[in-house]
Amino acid sequence: AKEQGRGVYHIFSKGMEEALKERVQLEKDVRQAVVNGDILPYYQPLMHLQENRLVGFEVLARWRHPVRGDIGPNVFIPIVEKLGLIGDLTYDLMRRACKDAGDWPADLTIALNISPLHFTDPLLPIKLLAILSETGFPPHRLEIEVTESAFVTDFDAARTTLSALRDLGIKASLDDFGTGYSNLYSLRELHFDKIKIDRSFVQSMQKDKWSDKIVNSVIDLAKSLGVPVIAEGIEHFGEMDEIARRGGEFGQGYYFGKAMPAALAKAMANGRTAN
Ligand code: C2E
Ligand code: CA
Ligand code: CA
Ligand code: CA
């Protein structure tokens, strides 16, 4: 058993060394990808549920690693943050998105995710404005999405950012509502323009009564505050139907379409059909 134990230890430590090397390499590759502009904006349709109409797209970052294939943003975004490059990536994605969407139908919005780490950067509003001017994209068509982890530490900074954005005509959604720390508090303190119901609730609402009640209550809460909701992660007709019947305005999910490259988003925007 002792022999075996040592063998296992050896393999284990070798595995750790390998993993560490891989990690270092991945960080290098992520840095390269950001610098080279290899991380691209994809576009997931946002639908008006009552009217079954496309209203815009959420920008989602996509990266195809030359060797390892597609790597998801849940993996590379934290690395980009750690490398201190999240501002660069965000502005790059925004610039591309504003260019891509420049000739799409004029009423469609673009929703950009802002990293919590970046949200309270005092330069953010000015930088967004600069990119809007540079690309000629109208501010009222740009929305940003942020999770509350951005401001649990600094509500004053968050308030300042939000009001600066509002002055520019940029709307802000509270992302992943229902998860995290104190999102009712965030809502009360910061008065978001939209609430995105986290997909974990939407996806279990058909099999779990509690999720179902929570989704319905968030819709009611939003209604009473006069704030529209977006239900994330709608994969089936049943979820869409229930949320729409309850009065939920907007929705997003594989039922309507996954994130797609600009050319496909443009075709969808012009055809105005969900597939
Ligand atoms: P998020 O902002 O909550 O984005 C929604 C995520 O849900 C996306 O995952 C989207 O592909 C996925 N999704 C949408 N509909 C469905 C559905 O019906 N079923 C399922 N199973 N999933 C669905 P994705 O693209 O992997 O992004 C994950 C997270 O990474 C995002 O969550 C966001 O927090 C972050 N992220 C993505 N792009 C960016 C970006 O450009 N900047 C920043 N800061 N974060 C980003
Ligand atoms: Ca989002
Ligand atoms: Ca979300
Ligand atoms: Ca999320």
Side-chain angles (χ1 to χ4, degrees), residues 30 33-34 37-47 49 56-64 69-98 100-101 109-121 124 127-128 131 142-150 171-180 183 186 192-206 215 218 229-240 243 250-262 265 274-275:
V30 169
V34 174
D38 292 336
I39 298 177
L40 300 176
Y42 269 47
Y43 301 91
Q44 186 178 31
L46 295 164
M47 305 295 295
L49 298 181
F57 293 91
E58 177 176 1
V59 178
L60 292 166
R62 292 291 179 267
W63 180 35
R64 177 155 298 167
D70 291 333
I71 297 181
N74 283 328
V75 174
F76 67 76
I77 293 283
I79 300 175
V80 174
E81 288 171 342
K82 187 187 157 204
L83 293 170
L85 295 171
I86 192 63
D88 293 343
L89 178 62
T90 305
Y91 300 136
D92 180 57
L93 291 172
M94 174 179 166
R95 189 172 290 112
R96 288 167 191 252
C98 289
D100 284 342
T109 57
I110 290 293
L112 186 72
N113 287 288
I114 303 291
S115 159
L117 287 178
H118 184 207
F119 184 69
T120 47
D121 178 347
L124 177 72
K127 193 71 191 176
L128 297 189
I131 297 169
L142 178 70
E143 301 184 351
I144 60 139
E145 299 188 1
V146 64
T147 59
E148 64 187 353
S149 44
K171 291 207 171 90
S173 303
L174 181 53
D175 208 347
D176 300 344
F177 188 77
T179 65
N183 35 48
S186 305
F192 282 87
D193 301 297
K194 286 183 188 166
I195 297 172
K196 296 193 81 170
I197 307 175
D198 191 70
R199 74 165 192 260
S200 61
F201 295 104
V202 174
Q203 289 183 333
S204 51
M205 62 187 283
Q206 300 212 291
V215 169
V218 174
V229 290
I230 306 170
E232 299 189 308
I234 296 177
E235 292 188 1
H236 306 102
F237 173 82
E239 294 147 2
M240 188 276 290
I243 290 166
F250 301 105
Q252 165 184 15
Y254 296 170
Y255 178 71
F256 304 107
K258 293 188 176 182
M260 59 188 90
N275 46 345

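Treat the numbers as computed from the prediction; the structure is a model and nothing was measured. Numbering of ligands and ligand atoms starts at 1, following listing order.
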[X] heavy atoms, cut-off 4.0 Å: which ligand 1 atoms fall inside?
| X | answer |
| --- | --- |
| Ser115 | 44 (N) |
| Pro73 | 24 (P), 25 (O), 26 (O), 27 (O), 28 (C), 30 (O), 36 (N), 37 (C) |
| Glu235 | 17 (C), 18 (O), 19 (N), 20 (C), 21 (N) |
| Glu232 | 3 (O) |
| Asp176 | 3 (O) |

_Passing candidate, side chain to side chain contact (heavy atoms under 4.5 Å, CB included) with Pro41, options Arg96, Arg62, Arg95, Met94_ = Arg96
Given [options], which one has a non-hydrogen atom that is nearest to [atom]?
| atom | options | value |
| --- | --- | --- |
| atom 28 (C) of ligand 1 | Asn74, Val59, Ile144 | Asn74 |
| atom 46 (C) of ligand 1 | Ile39, Val75, Ile77 | Ile77 |
| atom 41 (O) of ligand 1 | Asn113, Val202, Leu93, Asp198 | Leu93 |

*For the Ca ion (ligand 2), find the closest N/O/S atom belonging to Glu58 and write down its atom name.*
OE2
_The criterion is side-chain hydrogen bond (donor to acceptor under 3.5 Å, both in side chains); which residues satisfy it with Ser200, sequence neighbours excluded?_
Asp198
Check whether any side-chain heavy atom of [X] sits under 4.5 Å from a side-chain heavy atom of [Y], and report yes or no.
| X | Y | value |
| --- | --- | --- |
| Phe256 | Leu49 | yes |
| Thr147 | Thr179 | no |
| Phe76 | Val34 | no |
| Ile144 | Leu128 | yes |
| Phe250 | Leu46 | no |
| Val59 | Tyr43 | yes |

*asked:* Any N/O/S atom from Asp175 (main chain or side chain) under 3.0 Å of the Ca ion (ligand 3)?
replied: yes
Ligand 1 contacted by [X] (non-hydrogen, < 4.0 Å):
| X | value |
| --- | --- |
| Lys258 | no |
| Ala259 | no |
| Gln203 | yes |
| Glu58 | yes |
| Gln44 | yes |

*Where's the contact between Thr90 and ligand 1, heavy-atom distance under 4.0 Å: side chain, backbone, both or neither?*
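Neither; no heavy atom under 4.0 Å.
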*Specify side chain, backbone, both or neither for Arg199, according to which of its non-hydrogen atoms lie closer than 4.0 Å to ligand 1.*
side chain
*Residue list, ring-ring contact (aromatic ring centres under 6.0 Å, His included) with Tyr42, at least two apart or on another chain*: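 Tyr42 satisfies ring-ring contact (aromatic ring centres under 6.0 Å, His included) with no other residue.
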*Hey, is the main chain of Arg64 close enough, under 3.5 Å, to the side chain of Asp38 for a donor-acceptor pair?*
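Judged by distance alone, no pair lies under 3.5 Å.
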*Distance-only, no hydrogens or angles: does the Gln44 side chain make a donor-acceptor pair with backbone N or O of Gly257 under 3.5 Å?*
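Looks like yes, one N/O pair under 3.5 Å.
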*For the Ca ion (ligand 3), which N, O or S atom of Asp176 is at the shortest distance?*
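Nearest N/O/S atom: OD1.
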*asked:* I'd like the atom name of the N/O/S atom in Glu232 lying closest to the Ca ion (ligand 3).
replied: OE2
*Where Glu81 and Ser115 come nearest, the two heavy atoms and their spacing*: OE2-OG, 2.7 Å
*asked:* Does Lys171 have more than 12 heavy atoms from other residues, nucleotides or ligands lying within 6.0 Å of its NZ?
replied: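 No, because the 6.0 Å sphere around NZ of Lys171 holds 12 heavy atoms or fewer from other groups.
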*Rounded to 10 degrees, what angle sits at the Ca ion (ligand 2) between Asn113 OD1 and Glu145 OE1?*
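So the angle at the metal works out to 100°.
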*asked:* Please report whether ligand 1 has a polar contact with Ile114, defined as an N or O pair separated by less than 3.5 Å (distance criterion only).
replied: no
